[in-house]
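This report refers to the structure that appears directly beneath it.
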Amino acid sequence: FLNFKSNTYEDSIKSLKTAIEESKKGNDRIKYYLVIVEKKTNNFIGEIGFSIINKNQNGGVCNLGYFIFKKYKKFEKI
């Protein structure tokens, strides 16, 4: 599963480096990270990411995780 939570500055830097490296892999990527923004204000309200754990001819299987800042939880639909 994706490990988004950072407890230290060093953890955050490590996660950022992983995300940057994954973005350069093209079709070989297995991790995807996306930002969630509020349409009206363009404010950053959270993030979502997924890791592909099994590819097959019909698509595949992935693990999905997300984080939304507490003040924006009212937008959460799940």
Side-chain angles (χ1 to χ4, degrees):
F1 187 73
L2 297 174
N3 185 8
F4 286 119
K5 185 176 180 183
S6 296
N7 294 313
T8 66
Y9 176 78
E10 290 77 18
D11 286 346
S12 296
I13 295 298
K14 185 178 176 183
S15 294
L16 178 60
K17 286 181 180 179
T18 298
I20 291 169
E21 288 304 312
E22 281 293 321
S23 72
K24 296 176 183 179
K25 291 184 177 179
N27 289 337
D28 294 330
R29 286 176 77 169
I30 60 168
K31 296 180 181 180
Y32 294 81
Y33 306 92
L34 306 159
V35 66
I36 303 169
V37 296
E38 183 180 16
K39 239 180 177 175
K40 285 183 181 179
T41 63
N42 208 31
N43 286 339
F44 172 78
I45 64 171
E47 59 188 42
I48 188 168
F50 62 94
S51 293
I52 299 170
I53 57 173
N54 182 18
K55 289 184 182 181
N56 60 51
Q57 71 269 12
N58 297 317
V61 178
C62 71
N63 284 329
L64 175 81
Y66 70 96
F67 166 81
I68 297 176
F69 284 110
K70 188 180 250 183
K71 77 179 203 175
Y72 293 103
K73 289 282 189 177
K74 64 183 177 189
F75 297 118
E76 209 172 10
K77 300 286 185 195
I78 298 174

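Quick caveat, the model's predicted, so the values are computed rather than measured.
By the 4.5 Å heavy-atom criterion applied to side chains, F69 and F44 are counted as neighbours. For the pair E47/V35, no side-chain contact is recorded, criterion being any heavy-atom separation below 4.5 Å from C-beta on. At a threshold of 4.5 Å between non-hydrogen side-chain atoms, the residues I48 and L64 count as touching.
When every heavy atom of R29 is checked against every heavy atom of E22, the shortest pair comes out as CG-O, 2.9 Å.
Counting only distance, with no hydrogens or angles, the side chain of N43 and the backbone of I45 share no donor-acceptor pair below 3.5 Å. The closest donor-acceptor contact from the side chain of S15 to the backbone of S12 lies at 3.5 Å or more, if one exists at all.
The NZ atom of K25 sits 7.5 Å away from the NZ atom of K31 when rounded to the nearest 0.5 Å. If you take CG on L16 and OH on Y33, they are separated by 10.0 Å, rounding to the nearest 0.5 Å. C62 contributes atom SG, which lies 11.0 Å from atom CG of N54 (distance to the nearest 0.5 angstrom).
Within a 6.0 Å sphere centred on NZ of K14, other residues, nucleotides and ligands contribute 12 heavy atoms or fewer. A 6.0 Å sphere centred on CG of N27 holds no more than 12 heavy atoms belonging to other residues, nucleotides or ligands.
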Show the numbers, then the answer: is there a side chain to side chain contact (heavy atoms under 4.5 Å, CB included) between I36 and F67?
CA-CA 9 Å; I36 303 169; F67 166 81; over 6 Å; no

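Grouping the Ile, Leu, Val, Met, Phe, Trp and Tyr side chains by contacts below 4.5 angstrom, directly or via other members, places Y72 with L34.
No side-chain donor from either of T18 and E21 sits under 3.5 Å from a side-chain acceptor of the other.
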